[in-house]
A.B. asks: 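Dumping the structure here so I can ask a few things about it.
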Amino acid sequence: SGFQSQLLDGLSKLGVPSEVLDVLSKWIGASIDYPKIPEAKGAISAIRSEAFFIPLYELYLTYGGVFRLTFGPKSFLIVSDPAIAKHILRDNSKAYSKGILAEILEFVMGKGLIPADGEIWRVRRRAIVPALHQKYVTAMISMFGQATDRLCKKLDAAACDAEDVEMESLFSRLTLDIIGKAVFNYDFDSLTNDTGIVEAVYTVLREAEDRSISPIPFWEIPIWKDFSPKLKKVNSALELINGTLDDLIAICKRMVDEEELQFHEEYMNEKDPSILHFLLASGDDVSSKQLRDDLMTMLIAGHETTAAVLTWTFYLLSKEPSVMLKLQNEVDSVLGDRIPTIEDMKKLKYTTRVINESLRLYPQPPVLIRRSLEDDKLGEYPIKRDEDIFISIWNLHRCPKRWEDADKFNPERWPLDGPNPNETNQSFSYLPFGGGPRKCVGDMFASFEAIVAVAMLVRRFNFQMALGAPPVKMTTGATIHTTEGLNMTVTKRIKPPAMTVEASSLRDDSSINMRRDAV
Ligand code: HEM
């Protein structure tokens, strides 16, 4: 086939029109024995009924690291092979766009960083990544602590009243509060307040998730578009959020104009360390739709993902009491009742492994979406442009050949003194934050957020599945949700006496906690 492609190349240089070359290459191609991508057929009915990445796992075990799935006129390539994932995401990333994902998310993210491709993506990535610098992330850690403390107070009340709690929605509110402060210095206060803007955010999120699992784009059907009450509600929610964003941008712009601070690499306004503030100070255009799109993108990207990570981490911990005990021991000795700092992030090694392992078993999102922009080769298989591709992180992370006891929640599989696992040191068999140029910009932020929340919560409470709670099953939108919530019984921990050592350095609010607990 080397000869044929040289021949076609040569002819093209001689000016043979591409239509002719196409015909010629099809004709030659047909005579070459290219390996053909395995096709999975007839399994489609299963896919609509449950979280769709589960049947994809079974098909992967049957058909291997690349296979084609056909639904009527539509077909998808499902990739579960680390080397091919690396090729698409990193080595030849220029040849792939976000495809369907960009189409689905357009209504809410516009050309924000997640759906954007090409030049827009390149320019915005360069503007946004510097905003998440070391000093910013350090400042965020104390904010994570304050937000988690509010959740603790809520759980305190539930524990006193012996009421079960639905943790999934509480985690969603915790991470919404955090991302609002972090991205545009807005306090949703969704842990206590449930109206207006908070409801609007959830309306939009649910719509994005409905669209991502809908077999047909109902939102493009003309009559539907104009008369559907659901779409009307979505549009007014979007209007409310956009209005709020406009206000926040205006307020922030005034602050930036009044401040003396010179813009530099680690620029940060102490009163408002938000990403928005950084972007405006760096010269971002306040009136641009692009800025709003990027803010909305980060709001969504940073909210549901971390909430899902916390949900599944607590689910897993409830199933493995020995892991929970070890985790609590570490937190007791490293942290006690202090609110964590950046130094603690290095010391909370086992806590970090718990999060690493939770991200392996429940990757958020469980699949990455791409579309080929040109002909390419996936392993031994040639593919055409315009192929829609799902990279199943779920399959990569649960491959029985790669992972011992692949389905077991075993943080010990990651040695405490080893490197923090990532896509590079695990050769793309572990990629919770993606990889290559489109890798998550919030990976550090999100890891610390999860570590702070888990550490503070397990220090103060024990968590068990509530008696009589429905079994926890999975369903998908963009991230993995439970079907009926994560209902838990939360009880206050009796703290070990070792903590008095730390007591002298406690802050006021935590010493109140200590006294209350001692009663
Ligand atoms: C992209 C995961 C939290 C902002 C991604 C991607 C993954 C991911 C897998 C790659 C998507 C792809 O290649 O198609 C996660 C997980 C999180 C998390 C598991 C929480 C545990 C956050 C947070 C932020 C954020 C907190 C914002 C501060 C973004 C952005 C992108 C992205 C902007 C797009 C980057 C680009 O295309 O250049 N995330 N993320 N993420 N994430 Fe996150």
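Residues take their numbers from the sequence shown, with the count starting at 1. One-based numbering, in listed order, for ligands and for the atoms of each.
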A.B. asks: Does Lys98 have any side-chain hydrogen bond (donor to acceptor under 3.5 Å, both in side chains) partners at least two apart in sequence or in another chain, and if so, which?
C.D. replies: none
A.B. asks: Regarding ligand 1, does Lys439 bring an N or O atom to under 3.5 Å of one of the ligand's N or O atoms?
C.D. replies: no
A.B. asks: My understanding is that we take every heavy atom of each candidate and find the minimum distance to atom 11 (C) of ligand 1. Doing that for Leu368, Asp294, Ile355, Ile88, which one comes out nearest?
C.D. replies: Leu368
A.B. asks: Identify, for atom 19 (C) of ligand 1, the protein heavy atom at the shortest distance, and state residue, atom and that distance.
C.D. replies: Gln364 O, 3.1 Å
A.B. asks: Test of understanding: with ring-ring contact (aromatic ring centres under 6.0 Å, His included), list the residues that count as partners of His87, not counting sequence neighbours.
C.D. replies: none
A.B. asks: Would you check whether Lys98 reaches within less than 4.0 Å of ligand 1, judged by its heavy atoms?
C.D. replies: yes
A.B. asks: Taking 2.8 Å as the upper limit, name the protein N, O or S atoms near atom 43 (Fe) of ligand 1.
C.D. replies: Cys440 SG
A.B. asks: Between Lys153 and Asp149, is there a side-chain N and carboxylate O pair less than 4.0 Å apart?
C.D. replies: yes
A.B. asks: Are any of the side-chain heavy atoms of Phe390 and Phe53 separated by less than 4.5 Å?
C.D. replies: no
A.B. asks: Looking only at side chains, do Asn235 and Glu239 share a donor and an acceptor under 3.5 Å apart?
C.D. replies: no
A.B. asks: Does the residue Arg370 have a heavy-atom contact with ligand 1, meaning some pair of atoms that are separated by less than 4.0 Å?
C.D. replies: yes
A.B. asks: So, using ring-ring contact (aromatic ring centres under 6.0 Å, His included) as the criterion, who are the partners of Phe461 when residues are at least two apart?
C.D. replies: none
A.B. asks: Under 3.5 Å, N or O to N or O, is Arg438 touching ligand 1 that way?
C.D. replies: yes
A.B. asks: Ile100 versus Phe76: any side-chain heavy-atom pair under 4.5 Å?
C.D. replies: yes
